[in-house]
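Order of the sequence lines sets the chain letters (A, B, ...), proteins ahead of strands, with each chain counted from 1. Note that the coordinates shown come from a computational prediction; the quantities given were computed from them, not determined experimentally.
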Amino acid sequence: MKRQSDLYGTIWKIVRRIPKGKVATYGGVARLCGFPRHARLVGYALHNLPHGVDVPWQRVINSQGKISLPRSNGQYQRQKSLLESEGIVFVRDRVPLRLYAWSGKKVRPK
DNA sequence: AACATGACAGGTC
DNA sequence: CGACCTGCCATGT
């Protein structure tokens with residue numbers, strides 16, 4: 001199989017480091033991977049996540065602290081349930097900042 | 001090679 | 001806080 005970009009592997013590796021009971025943002029994961037501004041790639045990597053691999057994809061949410069999956073088709077509820085079963089609390093569909101694994105500090109090298 | 005897409009983020013209004 | 005626009009960059013057609 002064509003070894004997809006190592007980027008995905010790196011991303012999955014970082015996502016695996018998000019402790020249970022905590023969450024991280026796409027941008028944050030990208031930053032820790034050493035690829036600032038590749039937030040969309042993180043989403044892409046998780047979307048292409050093969051079944052069976054041990055990656056807590058549900059712990060990654062967007063910068064607004066919300067789930068980035070469509071409410072239709074049960075996708076949204078599925079992720080929410082997984083997080084709640086790990087102790088994550090939602091306040092008006094948002095995860096409190098105190099539950100973030102890493103501070104969402106931004107790096108603006110520009 | 002050109003163009004469209006996306007599980008995003010940041011800034012503006 | 002919400003709606004909108006712009007920047008990003010790997011992927012797929």
May I ask you to test the Ile11(A)-Tyr44(A) pair for a side-chain heavy-atom distance under 4.5 Å?
no
Where Val15(A) and Pro56(A) come nearest, the two heavy atoms and their spacing:
O-CG, 3.4 Å
Show each protein N/O and nucleotides 4-7 of chain B N/O combination with a separation under 3.5 Å, one pair to a line.
residue	atom	partner	partner atom	Å
dG6(B)	N9	Arg40(A)	NH2	3.1
dG6(B)	N7	Arg40(A)	NH2	2.9
dA7(B)	O4'	Ser68(A)	O	3.2
dA7(B)	N7	His47(A)	N	3.3
dA7(B)	N6	Leu46(A)	O	3.4
dA7(B)	N3	Tyr26(A)	OH	3.0

More 5' along DNA chain C: Gln64(A) or His38(A), using each one's nearest nucleotide?
Gln64(A)
Whole angstroms only, please: what is the CG-C1' distance between Asp6(A) and dT11(C)?
16 Å
Write down the distance between CZ (Arg37(A)) and C1' (dT6(C)), rounded to a whole number of angstrom.
14 Å
Tyr8(A) side chain reached by Leu46(A) side chain, heavy atoms, under 4.5 Å
no
Quick check against the 3.5 Å criterion: does Trp102(A) have a side-chain atom that pairs as donor or acceptor with the backbone of Val29(A)?
no
Can you spot which of Lys20(A), Gln58(A), Lys22(A) makes a side-chain hydrogen bond (donor to acceptor under 3.5 Å, both in side chains) with Glu86(A)?
Gln58(A)
Rounded to the nearest Å, what distance is computed from the NZ atom of residue Lys66(A) to the P atom of nucleotide dA3(C)?
9 Å
CG/Leu83(A) to CG/Leu99(A) distance, rounded to the nearest 0.5 angstrom?
10.0 Å
